[in-house]
Structure formats: C-alpha cells, structure tokens
Amino acid sequence: MPPAFDPDGVTASAGSTIVGPVTGWFAVQARDLPWRTPVATPWGVFVSEVMSQQTPVTRVAPAWLAWMDRWPTPDHLAAATPAEVIRAWDRLGYPRRALRLRDAAAVIRDNFGGQVPRKYDELITLPGVGDYTAAAVAAFAFDERVVVLDTNVRRVLARVIFGLEHPATSSATKLERAVAQELLPSDGPSAAVWSVAIMELGALVCQASSPSCNLCPIRGECAWFAAGRPAQVSRAKRAQKFEGTDRQVRGKLMAVLRASDHPVTAAALRACWSDDFQRDRCLDSLVSDGLVEPLPRGRFRLPH
DNA sequence: AAAACGTGGCG
DNA sequence: TCGCCAAGTTT
C-alpha cells in the first residue's frame, strides 16, 4: 500500500530549508550542559543519556557531575555495589535504570575492553539501552549517521511536517522514521549536530505545552503554525496516575532504604504504607528487581 | 502491545 | 490544587 504521502517529496524541500536555520539557532541558543563540553567522554555521554530517560535534564546535570567524578569510567562503575549506585542515583527516578547502567558498565568491561562501543548495533545490545539511547550515543559520542528520534524530535516533526500539535501515536511510526531519515544530513558529524539541534529546539522552543513560536527559527516552514496552530483532535493517551499506585509505594520504600546505612526492619518499612498487602507486594517486586536485598529476621537493605 | 516503572517542577 | 510532562526501556 502507498504511504499517505511521499516523504522524499516533502523532506527534500524541507530538509534544505530547515536544517540550516535549526543548526544556526542551536549554535547560538544551545544550553551548555556539562556533557556537551569538549572534555566529555563517550562514557559521559552514555551516562547522560541513561540519566535523561524520562528525567528532565535540568535535574540530571548536577547528578551527572557527581556521578562522573565518582565513576569516571565504565570500569569504575562496574566495580561499585548496587547499594552505592542506587544511593548515588538518589531521586532521579526509576532506580532500575541505575542498576542497568551498572550492568551495562560490566558488559562494557567484559565484552568491549572497557571502551563504550561505537556502533548503534553494539550499543543497543547493552542493558537499559533502547533505540533512542543507542542512536544518541552513536551520534553524539561517535558521529555515526543515525536517526535520533526522541519525544522532542517527534513533536517538532509532527508540527513542522505533519501539521499536528502532537504525534498521533505513542511510539514512532515507519513514516516518521522515513521522514527523519530523509532530513538527516549526509555526513555523520553534520547529522549529529542536526540531531542535537532539533532535540534542543523541541526542548526549549517547540515545547509540548505553550510553544514559543515567536522564537522559532523555522516557524515560516511549519505546517502547524501555517494552519493556525490547531488543537489536536485525538492524541496518544498517556495514562499517568501515580497516587496510590505501586510506583508510589516502591518509591517510598526505596527512600527509606536509601536513607539508612543499616538494614531496615519490617516495622520501619511498615511505617511508609499502611496497606500490608500492597506494601508486601511492592517489597517483593523490589527484591525481584534486585533493588532490595532481604536479610534474615525480617530485615532489608540495598543490595551489597 | 499495552502497562509498568519515580520524581518533581510548573502553569 | 492538580493535571501535564520530562533526551525511554522492558516485559
């Protein structure tokens, strides 16, 4: 079946008119995030990308500095205990990411000579690394020419190319990938700059709520702007409730464990959630995830 | 393939 | 106050 339209046709013209303005805007407006400095290593880029999975970069920055100071290479992190790593992760959220980052460091040590692999195909085999992270590290640390398609890029493309306020699906479609591929500059280094630039535009200007079109370097090329910024009819549902969920309970349990240098009693954990059934279920799941170590006599701690 | 998975800032 | 949203990945 034919695509809704030919991405080549659209992006051949769009590519020539939006890449320049966006990279030009980026050269002036880019935030000076610590992992963008010339001294940042591939490992530093890797750590920054994992930390930034669902956590705002403004909160990641200080954590990244402390982390890199403590574990400057994959070897250093691989030698740390889960307890140390979980505590250092602190409240970045989704602590399983911290465990997977440590696991990835061990794989890098064991299978890649301690060097972060350079290719997308290698990176994506690492624990906690999916399509986005593999592409981001390959591009930003090694200048591989790969499509980097995160939530920011998807939103910018939705607006500029498709004239929609938000992407219509919760994950990227074939068509979006085809469009992004067409837009990608032909050499690796230029492609990498384009990718950070359009990500940054999405983060700073083409924001999800109340975008600053007046500051946008490509509003003149934007289908959504041209259409008068129509509100989305239907968009991907995001279902986010948090109060009362297991996620909240797990968070409370982990907060108690992180704060204590010594094993914690079941009674102490009982204090953070009154529903015995739910609390026990969450504790079990944390143990299964390797985030909590059960000890004899009903005590618990972060895994050593 | 839908749902689970933390945390906090902002309008 | 409260819903929205943040450089996603895993099962």
Side-chain angles (χ1 to χ4, degrees), chain A residues 26 30-31 33-36 40 44-64 86 89-101 103-104 123-141 146-156 165-167 169-173 180 192 195-204 206-212 231-232 235-258 272-273 278 281-282 284-286 288-291:
Chain A
F26 179 77
R31 294 168 289 184
L33 300 170
W35 50 88
R36 283 183 184 160
V45 173
F46 188 100
V47 171
S48 78
E49 294 302 341
V50 173
M51 285 184 169
S52 300
Q53 294 167 359
Q54 299 289 280
T55 299
V57 301
T58 51
R59 248 197 298 161
V60 166
W64 183 89
I86 292 164
W89 196 259
D90 194 36
R91 290 171 306 181
L92 287 180
Y94 296 140
R96 294 186 298 186
R97 287 184 296 156
L99 249 28
R100 295 202 182 104
L101 180 55
D103 292 341
L123 287 159
I124 200 158
T125 68
L126 298 172
V129 175
D131 171 72
Y132 164 74
T133 304
V137 174
F140 304 152
V146 285
V147 167
V148 180
L149 207 47
D150 79 326
T151 185
N152 290 303
V153 177
R154 291 192 66 214
R155 186 176 54 253
V156 174
E165 184 179 14
H166 300 284
T169 59
S170 50
S171 59
T173 63
S195 293
V196 241
I198 190 174
M199 279 176 64
E200 191 81 335
L201 186 70
L204 300 183
C206 194
Q207 294 161 317
S209 326
S210 58
S212 308
Q232 195 92 339
R235 59 179 293 196
K237 61 165 177 278
R238 68 168 46 233
Q240 259 283 15
K241 351 174 196 315
F242 180 67
E243 284 299 315
T245 62
D246 285 7
R247 281 220 308 299
Q248 182 183 26
V249 180
R250 286 166 55 108
K252 287 182 177 294
L253 293 171
M254 288 302 292
V256 171
L257 273 316
R258 277 198 310 267
C272 56
W273 200 256
Q278 186 177 22
R281 178 179 65 213
C282 289
D284 285 349
S285 74
L286 289 170
S288 299
D289 288 346
L291 287 164

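Every chain is numbered from 1, with letters handed out A, B, ... down the list of sequences.
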Measuring to OP1 and OP2 of [N], would you say a side-chain N or O of [X] lies under 4.0 angstrom away?
X      : N      : result
A/R97  : C/dG8  : no
A/T151 : C/dA7  : no
A/S209 : B/dG11 : no
A/R59  : C/dA7  : no
A/Q54  : C/dG8  : yes
A/R258 : B/dT7  : yes

For [X], answer base if it contacts any base atom (sugar-phosphate contacts may also be present), sugar-phosphate if it contacts only those atoms, and nothing otherwise; contact means non-hydrogen atoms under 4.0 Å.
X      : answer
A/A136 : nothing
A/W35  : base
A/T245 : nothing
A/G130 : sugar-phosphate
A/R31  : base
A/V50  : nothing

Are any non-hydrogen side-chain atoms of [X] and [Y] less than 4.5 angstrom apart?
X      : Y      : value
A/S195 : A/F140 : yes
A/L123 : A/F46  : yes
A/R100 : A/V50  : no
A/N152 : A/R155 : yes
A/R59  : A/R91  : no
A/R250 : A/W273 : no

Rounded to whole Å, please give me the gap between [atom1] in [X] and [atom2] in [N].
X      : N      : atom1 : atom2 : result
A/L123 : C/dT9  : CG    : P     : 12 Å
A/M254 : B/dT7  : CE    : C1'   : 13 Å
A/L99  : C/dT10 : CG    : P     : 13 Å
A/F46  : C/dT9  : CZ    : P     : 10 Å
A/W89  : B/dG6  : CH2   : P     : 12 Å
A/R96  : C/dT10 : CZ    : P     : 10 Å
A/E200 : C/dA6  : CD    : P     : 14 Å

- [ ] Please figure out whether A/S210 or A/T55 has its closest DNA chain B nucleotide nearer the 5' end.
- [x]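 Nearer the 5' end of the strand: A/T55.
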Compare the minimum distances between each of [options] and the side chain of [X], then state the nucleotide with the smallest one.
X      : options              : value
A/A203 : C/dA7, C/dA6, B/dT7  : C/dA7
A/Q53  : B/dC5, C/dG8, C/dA7  : C/dG8
A/H166 : C/dA7, C/dC5, C/dG8  : C/dC5
A/R100 : B/dG6, C/dT10, B/dT7 : C/dT10
A/R247 : C/dA6, B/dC5, B/dT7  : B/dC5

TODO: Select from A/L126 and A/L33 the residue whose nearest nucleotide in DNA chain C is closer to the 5' end of that strand.
DONE: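 Going by which nucleotide is closer to the 5' end, it is A/L33.
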Open item on the list: Reading DNA chain C from 5' onward, which residue's closest nucleotide shows up sooner: A/P127 or A/G202?
Closed with: A/G202
- [ ] Look at the side chain of A/T245 and the backbone N and O of A/F242, then say whether any donor-acceptor pair between them is shorter than 3.5 Å.
- [x] yes
